[in-house]
Amino acid sequence: MSDDCIFCSIVAGDIPARTVHETDDVFAFLDANPLAPGHTLVIPKVHAQHVGDLDADLASDLFAAVTELTPRVQDAVDADAANVGINDGEAAGQEVPHVHVHVIPRFDDDGGAPIHAVGGERPDLSDEELDAIAADIAG
Ligand code: AMP
Ligand code: ZN
């Protein structure tokens, strides 16, 4: 638990939340400022800021909860689809520094955008640049 982390305080029961799912390692609750009805946050119980900080078992448990909850969230609000995503780091829009997966129900013609809309201006990359980036990621 991290002092003054709002999501750690929710896990500890010190701040109220509308809990929708809980296991030994994972917790899920409704977003307090939802982008759509049913907007749910799925988090690891232990404090970690970035996805890269999660060990493989915990990442697996977290994603298992996401896959289980996404259709349940959609069913609960009669959604047509959902966006599932993580703001990982401040530049990506992360405001709460505790890993959380957003499950955002989507509806036909709801006026929202696909996840592609989160990027900035599209870069114009040459084949050589793409090859170099792929090689760096592959390691
Ligand atoms: P992010 O910008 O990805 O860090 O998203 C943080 C999310 O946490 C936002 O969608 C907020 O509405 C939500 N949030 C902040 N405080 C609370 C809270 N006490 N209970 C539920 N959701 C919260
Ligand atoms: Zn925390």
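Quick caveat: nothing in here was measured; it's all calculated off a predicted structure. Just follow the structure's listing: the first ligand is 1, and inside any ligand the first atom is 1. Any value given below was found using the heavy atoms of this structure, including those in side chains, with hydrogens, waters and symmetry copies removed.
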ask   = Which of the N/O/S atoms in H47 sits closest to the Zn ion (ligand 2)?
value =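 The atom in question is ND1.
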key: Closest H98 atom to the Zn ion (ligand 2) [N, O or S only]   =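 Checking each N, O and S atom of H98, the shortest distance to the Zn ion (ligand 2) belongs to ND1.
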Quick one: which ligand 1 atoms are inside 4.0 Å of a heavy atom on [X]?
| X | answer |
| --- | --- |
| L30 | 21 (C) |
| I10 | 18 (C), 19 (N), 20 (N) |
| G93 | 1 (P), 2 (O) |
| L41 | 8 (O), 13 (C), 22 (N) |

inquiry  = Is the distance between the ring centroids of H100 and F7 under 6.0 Å?
reply    =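 So the answer is yes for these two rings.
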message = Would you say that L58 contacts V46 through its side chain, given a criterion of any heavy-atom pair below 4.5 Å between the two side chains?
response =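 A side-chain contact under 4.5 Å exists here.
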[atom] [closest protein heavy-atom partner, distance rounded to 0.1 Å]:
| atom | value |
| --- | --- |
| atom 21 (C) of ligand 1 | A32 N, 3.2 Å |
| atom 4 (O) of ligand 1 | E95 N, 2.7 Å |
| atom 12 (O) of ligand 1 | D31 OD1, 2.5 Å |
| atom 1 (P) of ligand 1 | H100 NE2, 3.0 Å |

request  = Answer with side chain, backbone, both or neither: which part of N87 has a heavy atom less than 4.0 angstrom from an atom of ligand 1?
outcome  =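 Under 4.0 Å from ligand 1, N87 contributes side-chain atoms alone.
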ask   = Using heavy atoms and a threshold below 4.0 Å, how should the contact between I6 and ligand 1 be classified: side chain, backbone, both, or neither?
value =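 Side chain only; the backbone of I6 stays clear of ligand 1.
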message = Determine whether F107 and V77 satisfy the following criterion, side chain to side chain contact (heavy atoms under 4.5 Å, CB included), listing intermediate values before the conclusion.
response = CA-CA 10 Å; F107 301 86; V77 297; 4.0 Å; yes
inquiry  = Evaluate F29 against I43 for side chain to side chain contact (heavy atoms under 4.5 Å, CB included), listing each step before the verdict.
reply    = CA-CA 9 Å; F29 51 99; I43 69 172; 3.8 Å; yes
task = Please confirm whether F7 comes within less than 3.5 Å of ligand 1 when only nitrogen or oxygen atoms on both sides are compared.
result =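 F7 vs ligand 1: no N/O contact under 3.5 Å.
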task = Would you please test V99 and D53 for side chain to side chain contact (heavy atoms under 4.5 Å, CB included) and show each step?
result = CA-CA 9 Å; V99 174; D53 299 333; 5.9 Å; no
ask   = Testing T40, V84, L41 for side chain to side chain contact (heavy atoms under 4.5 Å, CB included) with V101, which one passes?
value =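 Between V101 and the candidates, side chain to side chain contact (heavy atoms under 4.5 Å, CB included) is satisfied uniquely by V84.
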query = When clusters are formed by joining ILVMFWY residues with side-chain heavy atoms under 4.5 Å apart, either directly or through shared neighbours, do L69 and L35 land in the same one?
reply =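 Shared cluster, no.
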key: Criterion side chain to side chain contact (heavy atoms under 4.5 Å, CB included) on V51 and I86, from CA distance to verdict   = CA-CA 8 Å; V51 285; I86 298 173; 3.5 Å; yes
inquiry  = If I take atom CD1 from residue I15 and atom OG from residue S9, how far apart are they, to the nearest 0.5 angstrom?
reply    =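 Rounded to the nearest 0.5 Å, the CD1-OG separation comes to 4.0 Å.
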